Amino acid sequence: MTANPHAEHLQELLEGLNEPQREAVTHGEGPLLILAGAGSGKTRVLTHRLAFLVYTDQAQAGEILAITFTNKAAGEMRSRVERLLGRSTRGMWLMTFHAACARILRAEAPRLGYTRQFTIYDQADARRLTKRCMDEVGVDPKRYTPAAIHNQISSAKNRLLDAESYGQQVGAPFEEMVAEVYRLYERDLLRMNAMDFDDLLLRTVNLLELFGAVRESYSATFRHVLVDEYQDTNHAQYRLLQLLVGGGRAPARGEPVHTPGHRNLAVVGDDAQSIYGFRNADIRNILDFQDDFPDARVVKLEQNYRSTETILSAANAVIANNRGGIAKRLWSELGAGEPIRVQALDDEHAEARFVVGEIERLVEEGASRTEIAVLYRTNAMSRVLEDTLVRREIAYQVIGGTKFYERAEIKDAIAYLSWLANPFDVVSFTRIVNSPRRGIGQTSLSRIVSHSATVGVSVWEAAAEPEQIPGLGAAAVKALRRFMGTMEELREHVEQNIPVGDLLEAVLAQAGYVEALEAERTIEAQGRVENLQQLVEVAREFDAGADAEADTLDLFLQQVALIADADTRSDDEGLVTLMTLHNAKGLEYPTVFITGCEDGVFPHSRALDEGGLEEERRLFYVGVTRAMRQLYLTYARRRAIFGAQAYGLPSRFLSEIPAELTDGGVDGGGLDGRPAGVGIDGRPLPASVDGYPISARDSRVRARVRARTPPFANTSSSRGGGGDNGWAAAARASAERGGAGPGLPAESFRLGEDVLHAAFGEGVVTGVEPGGVIVVRFAGDGSERKLMAEYAPVSRR
DNA sequence: ATCCTGATTTTTTTT
DNA sequence: AAATCAGGAT
């Protein structure tokens with residue numbers, strides 16, 4: 001090899017990397033497994049490796065496929081690589097699996113019987129379609145929810161089982177029924193020229209399996225494939241990689257497939273952070289990588305640059321309770337730092353007040369709000385926190401939750417565009433035909449749709465000739481004709497390929513959508529109009545960056561469909577960040593609160609039912625390792641769930657943390673004399689963490705920003721959020737008792753025993769479960785409830 | 001076809 | 001506690 005003209009840059013590129021990091025970055029051809037512990041500089045290795053490949057001419061930008069878990073991560077990585085390279089990464093495929101598949105399918109769709117304009121259905125669309133198919137099969141909707149059925153279908157698709165093979169493989173009546181629905185669901189999707197999220201993966205695999213030449217072409221194009229968060233890939237994604245790079249183990253069934261290929265696959269992941277099993281991620285993909293590629297180079301990144309030793313020790317201690325996994329020993333040089341603060345509170349309101357109080361204190365001491373994150377297990381838990389933050393006038397943002405693109409008006413607007421692009425798209429048609437109200441109700445709608453299916457034409461064609469539709473009333477015919485007149489006009493705009501922003505405005509105006517909202521004259525409707533204006537803005541931005549060439553509408557729709565968290569600003573505005581633990585993956589904050597550390601909440605009871613304790617523990621591990629300097633773990637003794645009060649015990653994960661790492665706030669541990677929040681050593685903490693800027697989310701994150709001016713800051717009375725009635729007091733008494741003396745251990749209850757509850761009255765014990773839970777059926781309303789025996793106000797009678 | 005109301009359900013986690 | 005849904009009244 002001749003002297004590299006970029007030698008200087010190369011030097012620079014490798015500077016500041018530790019030994020294993022450098023090994024991973026400079027690895028040449030062949031399979032590479034990077035086991036990257038939390039905070040070990042994984043993103044750094046990935047970006048540097050990408051730059052390295054380009055610098056050393058091992059690959060052109062266009063010959064690299066780099067897969068990330070989210071759009072946001074892709075965007076961040078792209079800008080970091082560009083900074084390293086000092087030039088654009090145009091041509092590099094740096095995106096999520098779904099986006100890459102959508103792009104491939106956009107080009108190759110006709111081979112699979114779709115047009116290039118196929119619509120991508122999100123989960124809500126998919127569920128709606130599932131429900132329709134369930135109705136058609138005659139499934140009792142009381143017994144099974146569309147969500148449950150669709151989950152089954154989704155899981156089948158992720159295992160690459162089509163409706164037929166799924167049907168052959170299953171035996172139970174429930175599964176037979178699912179298979180039936182699955183068949184119709186597939187038929188409808190194809191008919192509508194639409195794909196759901198899972199199809200993007202599945203159909204791409206189909207494409208590459210069916211057309212050898214296509215596979216070879218993509219395989220040759222992507223000379224290097226890199227995958228981030230490999231521990232969270234599912235089987236379809238696994239198979240896709242196999243097809244692209246060659247090698248890998250045989251598919252689940254059928255004969256081994258020895259796909260030839262370059263095998264230049266580099267994967268990065270951490271089995272301890274696998275938290276998407278519920279989405280069919282298969283942790284075996286990373287555990288078995290060395291079996292798939294026996295000659296793989298394996299690099300372990302074990303030095304943590306993020307957290308204090310205290311935080312890291314806690315994380316290690318907790319994760320040690322999981323069986324199996326790949327041995328790693330994470331270490332840090334950042335010193336012990338502050339102890340972990342564990343705090344018990346009476347209820348979720350007190351918890352929120354505590355968290356917000358601490359935030360106020362930290363900010364007063366000079367911390368920036370952007371350095372603080374509050375994490376919780378479920379989205380619903382953000383509400384109380386938000387209320388409290390608003391009351392104290394602290395600016396915050398919520399990541400995830402109700403997403404911009406899930407709002408009804410946004411989905412309506414997108415549906416208009418989708419139907420204009422894809423006249424077969426029944427789901428979109430169904431959504432918009434009577435929105436705003438045009439007098440075309442359920443009955444007429446069914447007639448139109450079934451007519452189109454019977455005759456075998458698109459819904460568009462069917463709707464365009466209303467008088468041909470049997471049974472359609474005169475009023476409906478008239479309304480439909482008027483509607484279609486508008487749509488035909490808009491369709492002409494599409495054919496002229498006008499900018500999407502203009503098209504969208506025309507749609508909203510001519511369809512009478514904005515007009516109808518304004519007629520409502522409510523604040524809510526005004527907000528919807530504003531959201532729509534924001535969407536028009538998004539479209540205009542898209543237009544500005546798009547090629548003037550054709551297909552702009554299709555590309556826009558594709559992009560929008562795959563944005564899970566879009567929207568705008570977030571950083572440097574002084575916002576505290578709230579999000580679920582899942583959303584926190586890959587992020588870091590100097591101060592982190594993990595709220596709701598109660599058994600049943602976290603670990604979540606539903607996850608426990610499904611044997612997902614280890615995954616919950618990994619999620620806890622992810623949460624803990626987000627913290628750089630200070631970690632708070634809070635739990636509430638009492639919490640409203642579905643509006644009813646429930647009593648909780650501290651999360652079992654709390655007891656898995658060695659006591660010497662905490663300030664001793666766990667119930668039962670009692671006070672240890674040290675004032676809360678005061679460090680053992682009192683030493684100042686490092687102000688910044690070595691080379692790693694204090695990062696929050698990058699600016700492409702979608703965020704709901706609320707910083708309203710409330711009428712009042714909190715009143716001095718801290719009696720709590722209302723409801724201080726008799727039995728709440730009784731509950732508190734009971735909860736306090738739990739800390740000191742033995743309450744009533746669950747084991748002391750017998751099945752069939754009569755009990756009396758302070759609020760629910762008389763009942764009978766129908767079950768005793770592990771974790772101190774008893775199940776009681778109450779005479780009053782016949783309800784069956786799970787209670788924490790030690791805390792619930794129950795007594796024998 | 002639309003509106004109203006009471007009943008039921010919802011809270012895992014997300015590309 | 002809130003949101004969605006079904007069924008019935010208008």
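Bear in mind the structure is a predicted one, so any value in this text is a computation, not a measurement. What's counted below: heavy atoms across the whole structure, side chains too, no hydrogens, waters or symmetry copies. Chain letters run A, B, ... following the sequence lines, proteins first, then strands; residues in each count from 1.
- Ring centroid separation for the pair Phe278(A) and His582(A) comes in under the 6.0 Å cut-off.
- Checking dT13(B), dT15(B), dA6(C) against the side-chain heavy atoms of Phe197(A) singles out dT15(B) as nearest.
- Of the side-chain N and O atoms in Thr70(A), none sit less than 4.0 angstrom from OP1 or OP2 of dT14(B).
- The nearest whole Å value for the distance from the CG atom in Leu587(A) to the P atom in dT13(B) is 17 Å.
- Taking atom P in both dT11(B) and dA6(C), one finds a spacing of 16 Å when rounded to whole Å.
- Using a cutoff of 4.0 Å between basic side-chain nitrogens and carboxylate oxygens, Arg431(A) and Asp412(A) are scored as salt-bridged.
- Mapping Gly439(A) and Arg279(A) onto DNA chain B by nearest heavy atom places Gly439(A) closer to the 5' end of the strand.
- Look at Thr580(A) and you'll find a side-chain N or O under 4.0 angstrom from OP1 or OP2 of dT14(B).
- Rounded to whole angstrom, the span from the CD atom of Glu348(A) across to the P atom of dA1(C) amounts to 10 Å.
- Between Phe174(A) and Tyr144(A), a ring centre-to-centre spacing shorter than 6.0 Å is recorded.
- Along DNA chain B, the nucleotide nearest Ile641(A) and the nucleotide nearest Ser444(A) are compared for position; the residue whose nucleotide lies closer to the 5' end is Ser444(A).
- Judged by a 6.0 Å distance limit and a 45° cone about the ring axis, Arg279(A) is positioned over the six-membered ring of Tyr276(A).
- At the phosphate of dT14(B), OP1 or OP2 sits under 4.0 Å from a side-chain N or O atom of Asn379(A).
- In this entry the distance linking CG of Leu581(A) with C1' of dT14(B) reads 14 Å, nearest Å.
- Protein atom CG of Asn151(A) is 12 Å distant from nucleotide atom P of dT13(B), rounded to whole Å.
- Following rounding to the nearest Å, Arg127(A) (CZ) and dT9(B) (P) show an atom-to-atom distance of 16 Å.
- In plain terms, the two heavy atoms of Asp271(A) and Gly325(A) that are nearest each other are OD2-CA, 3.2 Å.
- The stretch residues 430-438 of chain A touches DNA chain B through Asn434(A), Arg437(A), each having a heavy atom under 4.0 angstrom from the strand.
- Between the CZ atom of Phe642(A) and the P atom of dT9(B) there is a distance of 11 Å, rounded to whole Å.
- With respect to Lys157(A) and Asp196(A), a salt bridge is recorded, a charged nitrogen being found less than 4.0 Å from a carboxylate O.
- Judged by a 6.0 Å distance limit and a 45° cone about the ring axis, Arg652(A) is not positioned over the six-membered ring of Phe620(A).
- Residue-level contact check: Tyr276(A) touches the backbone only, with heavy atoms under 4.0 Å from sugar-phosphate atoms and none from bases.
- Residue ring and nucleobase are stacked for Phe278(A) and dT13(B), with a centre distance beneath 5.5 angstrom and an angle between planes beneath 30°.
- Summarising the geometry, the separation between OH on Tyr376(A) and C1' on dT14(B) is reported as 14 Å, rounded to the nearest angstrom.
- For the pair Arg626(A) CZ and dT13(B) P, the interatomic distance rounds to 19 Å; values are reported in whole Å.
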